[in-house]
Amino acid sequence: MIQETTFSYNPTEHEREKASNSYLMSLVAVIAGLPLPIINLLATFFFYLANRKSTYFVRWHCIQALLSQMVLLFANSYSFWWTVSILFTDEKATNNYFAYLFTVIVFNILEIISTIYCAVQTRKGKHIQVFFFGNVTNLICKS
């Protein structure tokens with residue numbers, strides 16, 4: 001699921017910190033805008049914009065963090081609006097709703113764990129590729 005590879009050069013301390021912060025940005029945004037799923041994506045997107053002309057190592061990790069937040073946006077938005085419709089309309093909470101909600105919660109917990117792991121390992125200068133997101137990031141980010 002998470003693969004560690006090496007870069008052809010050793011990133012500097014400043015690069016490691018910026019790359020690690022790209023992952024931490026989404027965790028900080030969770031605290032600020034928990035009920036609104038788009039806050040995480042916006043925080044990660046603005047951090048990417050601020051660092052899009054940075055070194056390849058920093059850009060790569062900013063893009064990987066952004067891609068993972070995009071996927072979460074869709075899952076979290078659907079559960080958010082489904083919950084709103086249950087609370088404010090005649091719609092009932094069904095087993096399908098609770099199954100979806102449970103799945104989204106598990107997915108978010110896994111995302112938080114992988115984000116913390118990526119932030120710590122990236123801070124150490126290791127290049128971490130998350131399943132699927134790493135491959136897509138390789139296609140998007142050119143050195």
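These figures come from a predicted structure and were not determined experimentally.
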Q) Heavy-atom distance under 4.5 Å between the side chains of Asn76 and Phe80, does that happen here? A) no

Q. Who are the ring-ring contact (aromatic ring centres under 6.0 Å, His included) partners of Tyr100, not counting sequence neighbours?
A. Tyr78, Trp82

(Q) Checking Lys18 against Glu15 for the side chain to side chain contact (heavy atoms under 4.5 Å, CB included) test, could you report, in this order, the C-alpha distance in whole Å, the side-chain angles of both residues, the deciding distance, and whether it holds? (A) CA-CA 5 Å; Lys18 277 188 169 183; Glu15 290 175 296; 5.9 Å; no

Q. Which heavy atom in Ser20 sits nearest to a heavy atom in Thr122, and how many Å separate them?
A. N-CG2, 3.8 Å

Q: Answer yes or no: is there a side-chain heavy-atom contact under 4.5 Å between Leu110 and Val106?
A: yes

Q) Is there side-chain contact between Thr55 and Pro11, with heavy atoms separated by less than 4.5 Å? A) no

Q) With side chains defined as the heavy atoms from C-beta onward, is the minimum distance between Arg16 and Asn10 less than 4.5 Å? A) yes

Q: Looking only at non-hydrogen atoms, find the nearest pair between Ser79 and Leu101 and report the distance.
A: CB-CD1, 4.3 Å

Q. When clusters are formed by joining ILVMFWY residues with side-chain heavy atoms under 4.5 Å apart, either directly or through shared neighbours, do Phe98 and Ile105 land in the same one?
A. yes

Q) Say you draw a straight line from CG of Asn40 to CG of Leu66; how long is it, rounded to the nearest 0.5 Å? A) 11.5 Å

Q) Given side chains that start at C-beta, do those of Asn138 and Trp60 come closer than 4.5 Å, heavy atoms only? A) yes

**Q.** Approximate separation, where rounding is to 0.5 Å, of Ser114 OG and Phe131 CZ
**A.** 13.0 Å

Q. Could you state the interatomic distance from CD1 (Ile38) to CE (Met70), rounded to the nearest 0.5 Å?
A. 10.5 Å

Q. Any idea which heavy atoms bring Phe47 and Met25 closest together, and the distance?
A. CD1-CE, 3.5 Å

Q | Atom pair OG1/CD of Thr12 and Glu17 - distance to nearest 0.5 Å | A | 10.0 Å

Q. How are the rings of His61 and His127 set to each other: parallel, tilted or perpendicular (split at 30° and 60°)?
A. perpendicular

Q) So, do Tyr56 and Cys141 sit near enough that their side-chain heavy atoms are less than 4.5 Å apart? A) yes

Q | His14 NE2 to Phe57 CZ distance, which is reported to the nearest 0.5 Å | A | 12.5 Å

Q) Can Leu73 be reached from Val130 by stepping across I, L, V, M, F, W or Y side chains whose heavy atoms are under 4.5 Å apart? A) yes

Q) To the nearest 0.5 Å, what is the distance between OG (Ser68) and CD1 (Ile63)? A) 12.0 Å

Q. If you take all heavy atoms of Gln64 and Ile128, which pair is closest and at what distance?
A. NE2-O, 3.2 Å

Q: May I ask you to test the Phe107-Val71 pair for a side-chain heavy-atom distance under 4.5 Å?
A: yes

Q: Report yes if the side chains of Asn51 and Arg59 come closer than 4.5 Å at any heavy-atom pair, otherwise no.
A: no

Q) Going by side-chain heavy atoms closer than 4.5 Å, which hydrophobic residues are tied to Phe74, directly or by a chain of links? A) none

Q.
Under 4.5 Å between side-chain heavy atoms, counting indirect links through other Ile/Leu/Val/Met/Phe/Trp/Tyr residues: same cluster for Leu67 and Ile113 or not?
A. no

Q) Short question: side chain of Lys126, backbone of Arg123 - any donor-acceptor pair under 3.5 Å? A) no

(Q) Count I, L, V, M, F, W, Y as connected when their side-chain heavy atoms are under 4.5 Å apart, and connections chain through other members. Are Ile140 and Leu72 then in the same cluster? (A) yes

Q: Starting from the C-alpha separation in whole Å, work towards a yes-or-no answer on side chain to side chain contact (heavy atoms under 4.5 Å, CB included) for Thr44 and Tyr23.
A: CA-CA 8 Å; Thr44 309; Tyr23 296 107; over 6 Å; no

Q: Please answer: with hydrophobic residues joined when any side-chain heavy atoms are less than 4.5 Å apart, are Ile109 and Val104 in the same cluster?
A: yes

Q: Grab the two heavy atoms, one from Leu24 and one from Ala119, that are nearest each other, plus how far apart they are.
A: CD2-CB, 3.7 Å

